[in-house]
Asker: 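Handing you a structure now.
Because only heavy atoms are used, hydrogens play no part in the values below, and waters and symmetry mates are left out as well, while side chains stay in. Throughout, protein chains are lettered first and strands after them, A, B, ... in sequence-line order, and every chain is numbered starting at 1.
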2 protein chains.
Amino acid sequence: MSGKRNQRGVGLTDDMKQLSQKLAPTQPLPSRVASILSQEISSGRLKPGDRLPTEHQIAESLGISRNVVREAIAQLRADGLVRARQGAGAFVMEPEERLAIRLDPTDLENIEGMEGLFELRALLEGEAARLATMRRTDDDLAEISAALEDMRGDEKWSEGSIEADLVFHRAIAKATGNSYIHTFVCFICDQIRRSIHMARYANQIEQLVEVNVGEHVVILDALKAGDPEAARAAMVHHITEAGRRIGVILRNEQNNSQQGIAAS
Amino acid sequence: MSGKRNQRGVGLTDDMKQLSQKLAPTQPLPSRVASILSQEISSGRLKPGDRLPTEHQIAESLGISRNVVREAIAQLRADGLVRARQGAGAFVMEPEERLAIRLDPTDLENIEGMEGLFELRALLEGEAARLATMRRTDDDLAEISAALEDMRGDEKWSEGSIEADLVFHRAIAKATGNSYIHTFVCFICDQIRRSIHMARYANQIEQLVEVNVGEHVVILDALKAGDPEAARAAMVHHITEAGRRIGVILRNEQNNSQQGIAAS
DNA sequence: ATGATTATATTTGTCCTACAACCCTACAAC
DNA sequence: GTTGTAGGGTTGTAGGACAAATATAATCAT
């Protein structure tokens, strides 16, 4: 049944419906509505402090039930994007009030986005390697070593190998003893991994695995030797090279100018 | 206008915000349910791949409507915490599939949590200052300088001053030209700011403002001078000191051992 | 007995209605 | 001018109904 004829767009513009179709035809309805509203906010058409259209208006204007609209708004509320006050309405919150970081997947589909993310990753993981060198426990070291073994072990470069690669990086982040650093590093690595999977992945890597493994060995050696700056430099170098292998080129102002990198 | 005007009862606008947050006794019902479920997951009682109880079961077991349960699950779905398949159920996703970072506010109520966050902040912003020194445009520099002026300007230490402080840090992060760094720095700064507001804030700072401003001047000078490592060291030093002022003590392995810090 | 097919039950997705709680404005009363 | 009150509007919650998709059980053909 459908009285879902929405002649009059009450609160929302028409281009949204086109967007809703374009974004993801197969995503659940509430998520699509949430994307529409969130785009209205990030695009500036809805500024902080503004009140959203009422749930009734949104529902009628999109030809959907108020229930769906409420689920969509629940998602925005969880991100601190809007605050709903009973009886008053839903209001866009200040950017400083956001309590979640969510990366737009479309930003990662082009090279520039990946470059930015790789740079951030190099910063974070470089520092993580430095801290880990000073704070690691023996258990941490064992975990890191085991991951390295898995990398060059049985599976060789296949699916399991790239998983072991991630375990290696995560283990180092965990060895800093700082759960926030661990959380952020894991998040960024996963974002990158998924983007690579989506895009090209597994094109011509083949023999480069040995190079890749070699870079990890340098990191681990520096960690064992207890040389924080060397560990940091090795990690930055590795991530820079890993990016270059898939076409991401970082601006090489990267600090390694000072010293340390020649170490081994 | 606002000089020393606010005895009590007049400047209600700012007070009311704090009060509304502080004495909000109950979060909205769906959010509470989402917290419960999310805790079930992060605590490991629900492992990746497991199926959540049915919406009916959750609703009945908590004595609430299925509508509320659905809104709660909508929030989890938005974070990539669970995936709901029509006809089958809602399943916990792998940690690598998460597509949002959300910090648990309760983790920030104790000193250890704040220490971890301050350490991460020092890492990130230190590197941001270094990059900004190399990449800043003249517009960036103007923005940063303006923020510094606002800091020691009219309002002195009051509410506006701490806002200008944040603007200073955000402007530096933006001057890196990397939107991800900017996003992450903003997020972490806001988290810290809110936690301080909630907890103690504004206890005995008073004259320390001048010290605080002085630290910012050192950062800006290094930026102008084009000395990346000095800028980085100054930023790390500033954040370390800022943390110390509110009782957060960072482990001082902090690299600043090399040089640079004595500069100025 | 085994494999394929069809029922059947379960579960999520969407819609609907209704009412409670609350906010805001306006207006009346003091 | 301040306070109290009434009304309409908006979000919050409840509950029921059905559609759509899935999983499980039963049935049938081979």
Asker: Looking at E163(A) and R170(A), does any basic side-chain N land under 4.0 Å from a carboxylate oxygen?
Answerer: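 Counted as a salt bridge, because a side-chain N and a carboxylate O are separated by less than 4.0 Å.
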Asker: I need the CD1-C1' distance between I64(B) and dG15(D), as an integer number of Å.
Answerer: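 One finds 13 Å between C1' of dG15(D) and CD1 of I64(B), rounded.
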Asker: Considering heavy-atom distances to DNA chain C, does E55(B) or A88(A) have its closest nucleotide positioned more toward the 5' end?
Answerer: E55(B)
Asker: Keeping Q57(A) on the side-chain end and T54(A) on the backbone end, is there a donor-acceptor pair under 3.5 Å?
Answerer: yes
Asker: What is the distance from CD of E71(A) to P of dT11(D), rounded to the nearest Å?
Answerer: 16 Å
Asker: Nearest whole angstrom, please: distance from the C1' of dC23(C) to the CG of L52(A).
Answerer: 17 Å
Asker: Let me know the distance between NE2 of H56(A) and P of dT10(D), rounded to the nearest Å.
Answerer: 9 Å
Asker: Which nucleotide, dA20(D), dG12(D), dC15(C), lies nearest any side-chain atom of Q86(B)?
Answerer: dA20(D)
Asker: Could you check how far CD of E60(A) sits from C1' of dT14(C), rounded to whole Å?
Answerer: 17 Å
Asker: Please give the nucleotide sitting opposite dG3(C) as a Watson-Crick or G-U wobble pair, both distances under 3.5 Å, or none.
Answerer: dC28(D)
Asker: Does dG13(C) have OP1 or OP2 under 4.0 Å away from a side-chain N or O of R77(B)?
Answerer: yes
Asker: Could you work out which one of dG12(D), dG15(D), dG13(C) sits closest to the side chain of N67(B)?
Answerer: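 Taking heavy atoms from C-beta onward, the closest nucleotide is dG15(D).
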Asker: With nearest nucleotides of DNA chain C determined for P28(A) and G87(B) from heavy-atom distances, which residue corresponds to the more 5′ nucleotide?
Answerer: G87(B)
Asker: Please confirm whether any donor atom in the side chain of R85(A) sits under 3.5 Å from an acceptor in the base of dG12(D), or the reverse.
Answerer: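 Result: no qualifying N/O pair found.
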Asker: Report the base-pairing partner of dA29(C) (Watson-Crick or G-U wobble, both distances below 3.5 angstrom), or none.
Answerer: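 Pairing partner: dT2(D).
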Asker: Does F91(B) or P30(B) map to a spot on DNA chain D nearer the 5' end, using the closest nucleotide for each?
Answerer: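 Its nucleotide being nearer the 5' end, the pick is P30(B).
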Asker: Would you kindly give the CD1-to-C1' distance between I73(B) and dT14(C), to the nearest whole Å?
Answerer: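 Between C1' of dT14(C) and CD1 of I73(B): 15 Å.
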Asker: To the closest 0.5 Å, what do you measure between CZ (R66(A)) and CD (E55(A))?
Answerer: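 Taking CZ in R66(A) and CD in E55(A), the distance rounds to 5.0 Å.
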Asker: Please state how far atom CZ in R66(B) lies from atom P in dG13(C), giving the value in whole angstrom units.
Answerer: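 These atoms are roughly 9 Å apart.
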Asker: On the side chain of R51(B), is there an atom forming a donor-acceptor pair with the base of dT12(C) - under 3.5 Å, no angle test?
Answerer: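 A donor-acceptor contact between them is absent.
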Asker: Side chain of A84(B) only, please: which of dC15(C), dA14(D), dT12(C) is the nearest?
Answerer: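 Ranking dC15(C), dA14(D), dT12(C) by closest atom to the A84(B) side chain puts dT12(C) first.
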Asker: If we count only N and O atoms by modelled type, under 3.5 Å, do the side chains of R70(B) and N67(A) hold a donor and an acceptor together?
Answerer: no
Asker: Given atom CD of Q57(A) and atom P of dT10(D), what is their separation to the nearest angstrom?
Answerer: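 Distance check: Q57(A) CD to dT10(D) P gives 7 Å.
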Asker: Please tell me whether N178(B) and H182(B) have a donor and an acceptor in their side chains that are separated by less than 3.5 angstrom.
Answerer: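 No pair is found: no donor N or O on one side chain lies under 3.5 Å from an acceptor on the other.
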Asker: Does a nitrogen or oxygen in the side chain of R70(A) sit under 4.0 Å from OP1 or OP2 of dG12(D)?
Answerer: yes
